[in-house]
Amino acid sequence: MKFVKNHLSIIFPMVAILLGLEFFIVFDRTTKNYEESLRNSYAMLVVSKEEMSIDDFKSWDSHVFKVSEIEKSKILNRVSLAFDKSSGKNSKLQDKMPNFYSIKLNSYLDKRDLEEVKNNFLKSRKITRVETFDTLHQSNYGLFSFIKFAFSTFIVFMTIIGSFLIIKQMEVWNYMHSQRMKVMNIFGASLFLRSKVLINMALIDAIISAIFASIIFYFIQKSWLRDSNITIIQDNLEKLFTFSDIFILVAAAMVIVMTAVTLVVINVKEE
Amino acid sequence: MSNIIFAENLTLWYEENEIIINSANFSINKGDFVFITGPSGSGKSTLLQSFYGKLQPNHGSLAIGGLDMTMIKKKKLQELRSHLGIVFQDYRLINEWTVEDNVVLPLWIAGYSKKVQTEQAQRLLHHVKLSGKEKKYPMELSGGEQQRVGVARALAKNPFLILADEPTGNLDEYSSNVIWDLLENACQQLDTTVVVVTHQIPTVFNIPFKHLSIDQKGTVYEVC
């Protein structure tokens with residue numbers, strides 16, 4: 001019973017931390033796709049006196065990813081539909097019209113950054129107007145940022161709780177292993193030999209924790225998430241938990257336990 | 001005869017104004033059996049601790065097995081300790097390990113094979129009259145039995161020097177006699193140097209011995 005309790009008291013917080021990590025990885029992965037689709041559907045409008053190339057825009061702001069010119073004839077045709085279609089003034093009007101550009105950015109920016117991009121463009125005398133459509137942009141981005149923040153807070157909270165439990169377990173380890181380590185030190189054991197028992201135990205617990213966390217996440221993916229009606233999850237269902245995640249979890253678990261073991265070992269007073 | 005322990009003006013203290021051992025001069029040769037006696041708090045255990053490097057000399061010099069203990073490096077100290085046998089009054093056994101595992105600890109540290117470890121454990125446990133208790137845990141044994149395990153552990157790797165701090169302190173007569181016999185045999189048959197800190201030298205002791213006494217001021221005298 002004591003044996004099981006000793007192992008569970010490290011496995012439990014480790015699983016909590018690893019689940020937090022996996023949630024973070026999965027969330028990052030799925031939101032990246034969502035962010036990408038938001039980015040693709042967003043474009044700002046720039047009006048200039050002269051013809052511009054993508055290099056011109058890039059020289060003013062590095063966020064510029066793609067520039068497409070909106071054909072004047074299309075704009076005129078739309079406008080003319082409301083007036084007289086047979087008007088012969090279209091070609092003259094076309095010559096006098098400024099150039100319109102649809103600009104796509106390389107990342108999803110917040111309101112302040114958008115304003116900065118706008119100001120960068122307006123520094124050029126060739127640019128007469130920039131429309132960022134930031135209200136629509138912000139309504140999408142605000143909700144997305146809030147969900148991201150709420151989720152990150154939850155993950156951080158889980159990690160803090162898990163870390164506190166691990167610190168508690170480190171105190172137990174110190175109490176349990178210090179006597180043996182001191183005796184071994186008196187008989188000339190090296191630091192590695194003295195720590196070997198603790199290292200072995202911690203590594204086994206790390207692997208068990210990573211397997212547990214993987215199994216839990218696999219079932220979450222296969223049952224709860226599959227049945228959910230959340231579009232962003234449904235679109236990325238196969239990307240949620242991948243086989244390589246097991247290795248990430250094992251590696252993370254090992255780093256955490258080895259840090260804990262090192263702190264315990266260096267705190268055992270040598271005789 | 002070669003010096004196993006050599007002390008010259010050896011001074012030990014925990015705090016500078018509280019000297020424990022004051023300018024001690026003595027030498028202990030290979031194969032000597034030495035008792036260190038003195039009243040409580042005179043510094044007997046402190047002196048013994050300096051022999052295995054728990055304390056470093058604050059003044060003067062101390063050499064153990066030819067190694068200068070005043071400036072011994074960690075690695076050298078580990079090596080020295082792996083060739084010592086140490087017995088404590090409070091046994092210092094590893095409670096979560098079996099008797100057999102405790103006995104072969106010095107062999108395990110030295111990297112001996114499992115076969116050698118098992119054979120040596122059987123032999124030593126037979127000598128300390130604990131055959132059949134290999135798989136027991138220390139807490140399942142009496143104090144006397146635990147101390148015999150401690151002595152078996154000290155003898156496991158045929159050390160050149162055995163240091164024993166009050167090895168029969170709280171033991172019954174039977175266990176005390178077994179332990180004195182073992183230490184006598186180690187000294188006589190294996191030519192091992194044995195240093196024992198004790199309150200009282202046993203009334204019946206079968207081999208010649210050296211006697212160092214420490215007074216309350218921390219002065220070490222060679223009695224015989």
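We name chains A, B, ... by the order of the sequence lines, and we start the count at 1 in each one.
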Under a 4.5 Å heavy-atom cut-off, does chain A meet the side chain of Lys157(B), its backbone, both or neither?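 Neither part.
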
Are any of the side-chain heavy atoms of Ile186(A) and Lys54(B) separated by less than 4.5 Å?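 Answer no - side chains too far apart.
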
Counting C-beta onward and ignoring hydrogens, is there a side-chain heavy-atom pair between Phe187(A) and Gln78(B) closer than 4.5 Å?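 Answer no - side chains too far apart.
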
Mind checking which of residues 85-105 of chain B sit less than 4.5 Å from chain A, heavy atom to heavy atom?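 When heavy atoms of chain A are the reference, residues 85-105 of chain B contributes Ile86(B), Phe88(B), Arg92(B), Leu93(B), Ile94(B), Asn95(B), Glu96(B), Trp97(B), Leu105(B) within the under-4.5 Å range.
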
Sort by residue number and list every residue of residues 139-149 of chain B having at least one heavy atom under 4.5 Å from chain A.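 Within residues 139-149 of chain B, no residue comes under 4.5 Å of chain A, counting heavy atoms only.
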
Residues, nucleotides or ligands: over 12 heavy atoms within 6.0 Å of [X] [atom1]:
X	atom1	answer
Phe24(A)	CZ	no
Phe27(A)	CZ	yes
Lys104(A)	NZ	yes
Phe151(A)	CZ	yes
Tyr14(B)	OH	yes
Tyr112(B)	OH	no
His199(B)	NE2	yes

Output the option from His83(B), Lys74(B), Glu79(B) having the highest count of non-hydrogen pairs under 4.5 Å with chain A.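 The option with the most such pairs is Lys74(B).
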
Could you state the interatomic distance from CE (Met184(A)) to CH2 (Trp108(B)), rounded to the nearest 0.5 Å?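 Taking CE in Met184(A) and CH2 in Trp108(B), the distance rounds to 3.5 Å.
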
Closest heavy-atom pair and its distance - Arg153(B), Val183(A):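 Heavy atoms of Arg153(B) and Val183(A) come nearest at NH1-CG1, 3.5 Å.
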
